[in-house]
Amino acid sequence: MSTTGPGRFVTFEGGEGAGKSTQIARAAVALEARGLRVRVTREPGGTEGAEAIRRLLLEGAAERWTATTELLLVAAARAEHLARVIEPALAAGSWVLCDRYLDSTRVYQGLAGGLGLALVDRLQGELLGFRLPDLTLVLDVPVETGLARRQDIGGASRFERKGRAFHERVREGFRTLAAAEPRRIVLVDADRPVEAVAAEIEALLVARLGLDP
Ligand code: TYD
């Protein structure tokens, strides 16, 4: 079976160490087993140029960039990624699974970074016309658990160095977005064994995106 026509766009969001990459890999396998074509990608990044912007964003001291600069850098990377990878893949009928997308900007720069949601939404929506995902899964874990998982694999990024209070605002920010847009954004309790989380995500993909059970 092959998919024709526009594919579906599913984004995975959450704080640090929520297990997104593991769960995206699991979801990709589950969708491919149903005969769907799947493209896995990530932000910031996903194209050569956007990966260069990613390095600017993730390296260096926590205070290297202002939130406004971060907003403009992630938006620039996203414009590249959308035009060169996401839109063409969807048009070709693929399911695109993206590790972080515009809700990360709404939370990290808007709600936790202090720019506010109105400015970030105006830029990404009205001004730049970034496509909304068909479904967004927010993997929710306590800040402590997420940061500890991350320490285990080493190499903290610039955002991980921003401190506990910032990461509490990130978690709260994603919960706020999920409460405000329940049709698009679903909170998934990711403080559970990988298998249990993967099963819930597959069930959500089936129920929300019209797949055969
Ligand atoms: P990454 O190592 O991918 O984090 P994780 O593995 O937790 O997903 O690094 C991406 C970092 O960039 C992450 O700390 C969040 C941040 N970020 C933003 O601040 N704004 C954005 O729009 C995006 C996409 C990411």
Side-chain angles (χ1 to χ4, degrees), residues 9-25 27 40-47 49-82 85-86 96-117 119-125 128 130-133 136-174 177 185 188 190-191:
F9 184 26
V10 183
T11 60
F12 292 72
E13 298 278 8
E16 313 299 315
K20 289 186 279 78
S21 42
T22 304
Q23 292 301 334
I24 290 173
V40 172
T41 187
R42 71 165 179 186
E43 290 208 347
T47 73
E51 292 287 335
I53 296 173
R54 176 190 178 89
R55 288 191 288 279
L56 279 176
L57 270 159
L58 299 192
E59 289 170 6
E63 305 310 324
R64 180 182 186 188
W65 305 116
T66 68
T68 303
T69 310
E70 289 174 3
L71 170 66
L72 296 172
L73 287 171
V74 293
R78 184 157 303 131
E80 278 297 299
H81 189 214
L82 269 167
V85 173
I86 297 174
V96 175
L97 307 185
C98 193
D99 186 340
R100 297 194 181 281
Y101 183 61
L102 51 67
D103 294 301
S104 275
T105 317
R106 301 175 76 205
V107 168
Y108 279 79
Q109 283 68 49
L111 294 172
L115 296 181
L117 213 44
L119 169 70
V120 175
D121 283 353
R122 181 145 184 256
L123 180 72
Q124 300 201 105
L128 297 175
F130 289 165
R131 157 198 291 274
L132 281 179
T136 297
L137 303 169
V138 172
L139 273 51
D140 182 61
V141 293
V143 169
E144 208 101 292
T145 312
L147 290 176
R149 281 184 189 169
R150 196 43 62 89
Q151 302 306 317
D152 290 347
I153 57 175
S157 79
R158 204 172 62 80
F159 286 95
E160 282 149 53
R161 292 192 280 271
K162 281 185 186 270
R164 173 73 192 257
F166 179 83
H167 293 286
E168 291 291 356
R169 292 200 297 279
V170 166
R171 185 181 190 201
E172 205 43 52
F174 280 120
L177 298 189
I185 308 178
V188 175
D191 194 14

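These numbers come from a predicted model, not from an experiment. Atoms within each ligand, like the ligands themselves, are counted from 1 in listed order.
- Using a 3.5 Å distance cut-off with no hydrogens or angles, the side chains of S157 and R150 do not pair a donor with an acceptor.
- The salt bridge (Lys or Arg N to Asp or Glu O under 4.0 Å) with E16 is formed by just one residue from the set R100, R149, R161, R171; it is R100.
- Side chain to side chain, Q124 and R106 fail the donor-acceptor criterion of an N or O pair below 3.5 Å.
- Ligand 1 lies under 4.0 Å from heavy atoms of E16, K20, E43, P44, R54, L58, V74, R78, D99, R100, S104, T105, Y108, Q109, R150, F159.
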Practice item. Determine, step by step, whether Y101 and F9 satisfy the ring-ring contact (aromatic ring centres under 6.0 Å, His included) criterion, reporting the C-alpha distance in whole Å, the side-chain angles of both residues, the deciding distance to 0.1 Å, and the verdict. Key: CA-CA 11 Å; Y101 183 61; F9 184 26; 4.8 Å; yes
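- Proximity of L117 to L111: side-chain heavy atoms (C-beta onward) are separated by under 4.5 Å at one or more points.
- A salt bridge does not link E59 to R64: none of the charged nitrogens lies less than 4.0 Å from a carboxylate oxygen.
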